[in-house]
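One structure is given here, and the rest of the page talks about it.
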2 protein chains.
Amino acid sequence: MIVNKLKNLREKMLKQSVRSEDWTQEGLAKRLGVTRQTIISMEKGTYNPSLVLAFKIAHEFGMAIEDIFEYRDEKN
Amino acid sequence: MIVNKLKNLREKMLKQSVRSEDWTQEGLAKRLGVTRQTIISMEKGTYNPSLVLAFKIAHEFGMAIEDIFEYRDEKN
DNA sequence: ACTTAACGTAAAGTAAACTTTACATTTAAA
DNA sequence: TTTAAATGTAAAGTTTACTTTACGTTAAGT
């Protein structure tokens with residue numbers, strides 16, 4: 001199971017950013033090369049991104065994958 | 001585009017390991033919960049793992065995802 | 001209050017990750 | 001040198017990430 005901090009991180013950037021339109025769901029989606037639906041589903045946790053997308057996201061936020069996504073063993 | 005060091009890492013473990021059967025394609029596949037085909041395709045670079053699988057792999061090798069997988073912009 | 005940008009939902013379709021099966025080749029040990 | 005384990009290949013099927021479309025809700029400015 002994968003847990004992510006996408007929603008929190010994006011909303012934080014929205015508030016902090018001068019060019020806030022860059023951090024709307026649509027703005028981020030465009031820069032990542034995916035649709036807004038994909039952002040929504042990831043923020044909801046409906047599905048997990050591919051590794052490629054995870055790398056792109058990490059790059060956009062200037063963080064490591066492990067700082068944004070956390071893997072939790074199913075058992076726990 | 002994603003480049004990985006899977007084949008090298010696994011073969012290194014094969015040589016070093018006392019219980020070398022743990023690091024055959026089949027042994028690793030079983031621990032990761034995937035098939036041997038999946039390992040083969042990843043080592044060949046035929047396709048990229050999901051983020052979940054990348055996390056499991058990183059855990060098996062005791063490394064960070066970024067140490068095993070490298071993202072390269074298509075342009076370069 | 002009205003407008004509009006941003007966010008949310010749902011459902012059907014496409015693409016790619018991953019499985020399954022089956023068989024062929026390499027490698028190493030007896 | 002034969003045997004078996006390990007690796008490689010290929011093709012068709014399933015699952016899931018991701019798209020597309022279309023419409024409903026919320027929030028914030030005027």
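Hydrogens, waters and symmetry mates are skipped; everything else that's a heavy atom, side chains included, is used. Letters A, B, ... mirror the listed sequences (proteins, then strands); counts begin at 1.
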For residues 37-61 of chain A, which residue pairs pass the salt bridge (Lys or Arg N to Asp or Glu O under 4.0 Å) check, not counting sequence neighbours?
A:Arg10-A:Glu43, A:Arg31-A:Glu60

Length of the CD-P vector between B:Gln25 and C:dC18, whole Å:
16 Å

Rounded distance in Å - CH2 (A:Trp23) to P (C:dC7):
13 Å

Using five base pairs at each end to define the local axes, how bent is the helix from C:dA1-D:dT30 to C:dA30-D:dT1, to the nearest 10°?
40°

Between atom NZ in A:Lys56 and atom C1' in D:dA17, what is the gap in whole Å?
13 Å

Test log, rule side chain to side chain donor-acceptor pair (under 3.5 Å), inputs A:Ser41 and A:Thr38:
CA-CA 5 Å; A:Ser41 300; A:Thr38 300; over 6 Å; no

Between atom CG in A:Leu14 and atom C1' in C:dA5, what is the gap in whole Å?
12 Å

Could you walk me through whether A:Ile57 and A:Met63 pass the side-chain contact (heavy atoms from CB on, under 4.5 Å) check?
CA-CA 9 Å; A:Ile57 290 170; A:Met63 303 171 84; over 6 Å; no

Output the rounded distance in Å from CG (B:Asn48) to P (C:dA15).
17 Å

Linking I/L/V/M/F/W/Y whenever their side-chain heavy atoms sit closer than 4.5 Å, directly or via other members, would B:Met42 and B:Val52 fall into one cluster?
yes

Once you round to the nearest 0.5 Å, how far does CG of B:Asp67 lie from NZ of B:Lys5?
6.5 Å

Heavy atoms from C-beta onward define the side chain here; which of D:dA6, D:dA17, C:dG8 lies closest to that of A:Lys7?
C:dG8

Can A:Leu28 and A:Val34 be said to form a side-chain contact (heavy atoms from CB on, under 4.5 Å), step by step?
CA-CA 9 Å; A:Leu28 178 58; A:Val34 297; over 6 Å; no

In terms of side-chain heavy atoms of B:Tyr47, which of C:dC7, C:dT19, D:dC18 is nearest?
C:dT19

Here the distance between atom P of C:dA17 and atom CG of A:Leu51, to the nearest Å, is 10 Å

Taking atom CD of A:Glu66 as the centre, report whether more than 12 heavy atoms of other residues, nucleotides or ligands fall under 6.0 Å from it.
yes

Expected output is a numbered-order residue list: members of residues 29-42 of chain A with a heavy atom under 4.0 Å from any atom of DNA chain C. What is it?
A:Arg36, A:Gln37, A:Ile40

Atom CE of A:Met13 and atom P of C:dA6 are separated, to the nearest Å, by 17 Å

Taken to the nearest whole Å, CG/A:Leu28 to P/C:dA6 is 13 Å

Given DNA chain C, 5'-ward residue of the pair B:Ser50 and A:Arg10, judged by closest heavy atom
A:Arg10

Tell me whether the rings of A:Phe55 and B:Tyr71 are parallel (<30°), tilted (30 to 60°) or perpendicular (>60°).
parallel

Please name the pair of heavy atoms, one in B:Ala29 and one in B:Ile39, separated by the smallest distance, quoted to 0.1 Å.
CB-CG1, 3.6 Å

